[in-house]
*Asks:* 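Supplied in structure tokens, the structure appears directly below.
Heads up: numbering here begins at 1 and tracks the sequence.
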Amino acid sequence: MKRLFFTMFILSLFITPAFSHELTIKAQSEAELKAGEPFYVTVQSAHKFIVPEEVEVLERVKAGIIEDGKFIESKLEADEANLCINFTVIPKDLSGSIMLAAIKDGETWSITNEGGKTGARKDLEAQGLKVIRATKNDKYAKAIFNSSHDDTKFSQVVGHPLEIIPVTNPADAKVGEYFHVRILLNGQPYTGPIWATYDGFVTEYENTYAYYTEAENGEAHVKITAPGLWGIRAYQGDLPGVEGDYDALTLRAFLLFDVK
């Protein structure tokens with residue numbers, strides 16, 4: 001029993017980061033954008049980039065458009081047939097970048113003496129379970145569409161606890177060149193791993209990315225190797241928890257943009 005308990009503890013240190021789905025945003029073709037008409041968007045959750053695998057719990061997700069520095073929340077609809085969440089926005093200005101955002105207030109996943117359970121430490125312990133580790137997983141995604149060369153809206157800061165902010169204008173991104181970003185963790189420069197990939201790079205294997213680098217003092221550089229929809233991902237684990245609820249907090253962030 002002691003050996004089993006120790007093994008479960010070791011697994012608890014790795015299983016949450018490895019198996020949690022990533023939150024991303026995908027929209028209809030920009031060519032279909034028309035002033036005053038809805039722009040159709042989906043929130044996806046998956047281990048493969050832009051290959052939806054499950055519908056997130058609506059009550060835990062918020063999504064919408066960023067305009068004038070403010071988040072305008074949209075009504076969400078679960079789409080079980082296509083394994084995603086649908087919403088629409090009507091941008092008031094098509095002269096520059098359109099920024100969309102999605103947030104998931106994550107569940108708490110606990111490793112217990114009876115395996116993995118969803119629930120806070122105190123609630124599971126009240127049921128008589130022994131909780132080895134409880135982790136809350138919050139997720140953030142931003143997507144930039146309709147970029148223009150003379151626009152500056154693409155670089156606005158939303159204020160997510162973990163946020164990837166483009167320094168390079170997506171309209172200026174070119175295959176063979178570097179795309180520069182800065183990353184903030186609770187408002188401070190982030191140092192840590194960065195992954196990037198593009199739509200179609202790999203559809204067979206989970207958690208597989210086209211590019212890896214590390215951010216230093218809040219700055220990272222990703223080499224663009226193909227046209228299409230790109231995603232840049234950051235991850236921070238083992239942040240302080242809340243006593244009685246969860247022992248650690250993990251944050252995940254995605255930035256999505258098109259490369260022509």
*Asks:* Quick one: CG on Asp151 to CG on Asp172, what's the gap to the nearest 0.5 Å?
*Replies:* 10.5 Å

*Asks:* Any chain of hydrophobic side-chain contacts (each under 4.5 Å) joining Val41 to Ile72?
*Replies:* yes

*Asks:* I'd like to know if Leu23 and Tyr198 are part of one continuous hydrophobic network [Ile/Leu/Val/Met/Phe/Trp/Tyr, side-chain heavy atoms within less than 4.5 Å].
*Replies:* no

*Asks:* What residue pairs, at least two apart or across chains, pass ring pair (Phe, Tyr, Trp, His ring centres under 6.0 Å) with a residue in residues 151-172?
*Replies:* Tyr140-His160

*Asks:* Using the side chain to side chain donor-acceptor pair (under 3.5 Å) definition, which of the options Glu56, Glu53, Lys139 pairs with Ser45?
*Replies:* Glu56

*Asks:* Applying ring-ring contact (aromatic ring centres under 6.0 Å, His included), name anything that partners Tyr212, two or more places apart in sequence or on another chain.
*Replies:* Trp195

*Asks:* Quick check against the 3.5 Å criterion: does Arg121 have a side-chain atom that pairs as donor or acceptor with the backbone of Asp247?
*Replies:* no

*Asks:* Consider only side-chain heavy atoms of I, L, V, M, F, W and Y, link residues closer than 4.5 Å, and tell whether Val259 and Leu33 are in one cluster.
*Replies:* no

*Asks:* Between Ile194 and Ala220, what is the shortest heavy-atom contact and its length?
*Replies:* CG1-CB, 4.1 Å

*Asks:* Is there a donor-acceptor pair closer than 3.5 Å between any side-chain N or O of Lys142 and the backbone N or O of Met99?
*Replies:* no

*Asks:* Can you confirm whether Glu243 is buried at CD, in the sense that more than 12 heavy atoms of other residues, nucleotides or ligands lie under 6.0 Å from that atom?
*Replies:* no

*Asks:* Under 3.5 Å, which donor-acceptor pairs link side chains of residues 77-88 to any protein atom two or more places apart or in another chain?
*Replies:*
residue	atom	partner	partner atom	Å
Asp79	OD1	Ala81	N	3.4
Asp79	OD1	Asn82	N	3.1
Asp79	OD1	Asn82	ND2	3.4
Asp79	OD2	Asn82	ND2	3.0
Asp79	OD2	Asn86	ND2	3.0

*Asks:* Donor-acceptor pair, distance only, cut-off 3.5 Å: does the side chain of Thr112 make one with the backbone of Glu114?
*Replies:* yes

*Asks:* Report the residues that fulfil side-chain contact (heavy atoms from CB on, under 4.5 Å) with Thr208, sequence neighbours left out, ordered by chain and then residue number.
*Replies:* Phe201, Val202, Tyr205

*Asks:* Can we say Asp238 and Arg133 salt-bridge, meaning some charged N sits less than 4.0 Å from an Asp/Glu carboxylate O?
*Replies:* yes

*Asks:* Would you say the side-chain atoms of Thr213 pair up with the backbone N or O of Val222, donor to acceptor, closer than 3.5 Å?
*Replies:* no

*Asks:* Could you pull out every donor-acceptor pair under 3.5 Å between side chains of residues 181-193 and any protein atom, sequence neighbours left out?
*Replies:*
residue	atom	partner	partner atom	Å
Tyr190	OH	Pro193	O	3.0
Tyr190	OH	Tyr235	O	2.9
Thr191	OG1	Asn217	N	3.0

*Asks:* Has Asn113 got a side-chain atom pairing as donor or acceptor with Lys130's backbone, closer than 3.5 angstrom?
*Replies:* yes

*Asks:* Determine, step by step, whether Asp258 and Ser147 satisfy the side chain to side chain contact (heavy atoms under 4.5 Å, CB included) criterion, reporting the C-alpha distance in whole Å, the side-chain angles of both residues, the deciding distance to 0.1 Å, and the verdict.
*Replies:* CA-CA 8 Å; Asp258 280 312; Ser147 300; over 6 Å; no

*Asks:* Tell me every residue that passes ring-ring contact (aromatic ring centres under 6.0 Å, His included) with Phe179, counting only those two or more places apart in sequence or in another chain.
*Replies:* Phe257

*Asks:* Mark yes or no for whether Asp68, through its side chain, and Lys70, through its backbone, hold a donor-acceptor pair below 3.5 Å.
*Replies:* no

*Asks:* So, taking the atom named CG in Leu256 and the one named CH2 in Trp230, what distance separates them when rounded to the nearest 0.5 Å?
*Replies:* 12.0 Å

*Asks:* Which atom pair, heavy atoms only, marks the closest approach of Gly119 to Ser110?
*Replies:* O-OG, 2.8 Å

*Asks:* So, taking the atom named CD1 in Ile50 and the one named CD1 in Ile25, what distance separates them when rounded to the nearest 0.5 Å?
*Replies:* 9.0 Å

*Asks:* Please confirm whether the backbone N or O of Leu229 pairs with a side-chain atom of Asp199, one donor and one acceptor, at under 3.5 Å?
*Replies:* no

*Asks:* Which word best sums up how the rings of Phe49 and Phe254 line up, parallel for under 30°, tilted for 30 to 60°, or perpendicular for over 60°?
*Replies:* parallel

*Asks:* Kindly work out whether a path of hydrophobic side-chain contacts (I/L/V/M/F/W/Y, heavy atoms less than 4.5 Å apart) joins Tyr178 to Ile232.
*Replies:* yes

*Asks:* Nearest 0.5 angstrom please: Leu124 CG to Ile132 CD1, how far?
*Replies:* 11.5 Å

*Asks:* Closer than 4.0 angstrom, basic N to acidic O: yes or no for Glu107 and Lys104?
*Replies:* yes

*Asks:* So, the side chain of Asp105 versus the backbone of Arg60: is there a donor-acceptor pair under 3.5 Å, distance only?
*Replies:* no

*Asks:* Looking at every heavy atom in both Ser95 and Ser148, which two are closest together, and how far apart are they?
*Replies:* O-OG, 3.5 Å

*Asks:* Working note: Ile111 + Thr135, criterion side chain to side chain contact (heavy atoms under 4.5 Å, CB included); need CA distance, chi angles, decisive distance, verdict.
*Replies:* CA-CA 9 Å; Ile111 303 297; Thr135 305; over 6 Å; no

*Asks:* Can you name the nearest heavy-atom pair linking Ala102 to Val43, along with the distance?
*Replies:* CB-CG2, 4.1 Å

*Asks:* With clusters defined by side-chain heavy atoms of hydrophobic residues (ILVMFWY) lying less than 4.5 Å apart, directly or transitively, does Val131 cluster with Tyr246?
*Replies:* no

*Asks:* Can you tell me if Glu163 uses its side chain to pair, donor with acceptor, with the backbone of Val158 under 3.5 Å?
*Replies:* yes

*Asks:* For Ala35 and Leu94, work out which heavy atoms get closest and say how close.
*Replies:* N-CD1, 3.2 Å

*Asks:* Show, in sequence, the C-alpha distance, side-chain angles and deciding distance for Lys136 and Asp245, and conclude whether the salt bridge (charged side-chain N to carboxylate O under 4.0 Å, His left out) test is met.
*Replies:* CA-CA 9 Å; Lys136 188 173 188 289; Asp245 288 335; over 6 Å; no

*Asks:* Do side-chain atoms of Gln156 reach the backbone of Lys153 as a donor and acceptor pair under 3.5 angstrom?
*Replies:* yes

*Asks:* How many angstroms lie between CD in Glu54 and NE2 in His21, if you round to the nearest 0.5 Å?
*Replies:* 4.0 Å

*Asks:* Once rounded to the nearest 0.5 Å, what's the spacing between atom OG1 of Thr108 and atom CG of Leu249?
*Replies:* 9.0 Å

*Asks:* So which heavy atom on Glu67 is nearest to which on Ile65, and how close?
*Replies:* OE2-CD1, 3.6 Å

*Asks:* Below 4.5 Å, heavy atoms only, C-beta onward: do Thr42 and Pro52 meet side chain to side chain?
*Replies:* no

*Asks:* Just wondering, are more than 12 heavy atoms of other shown residues or ligands nearer than 6.0 Å to NZ in Lys174?
*Replies:* yes

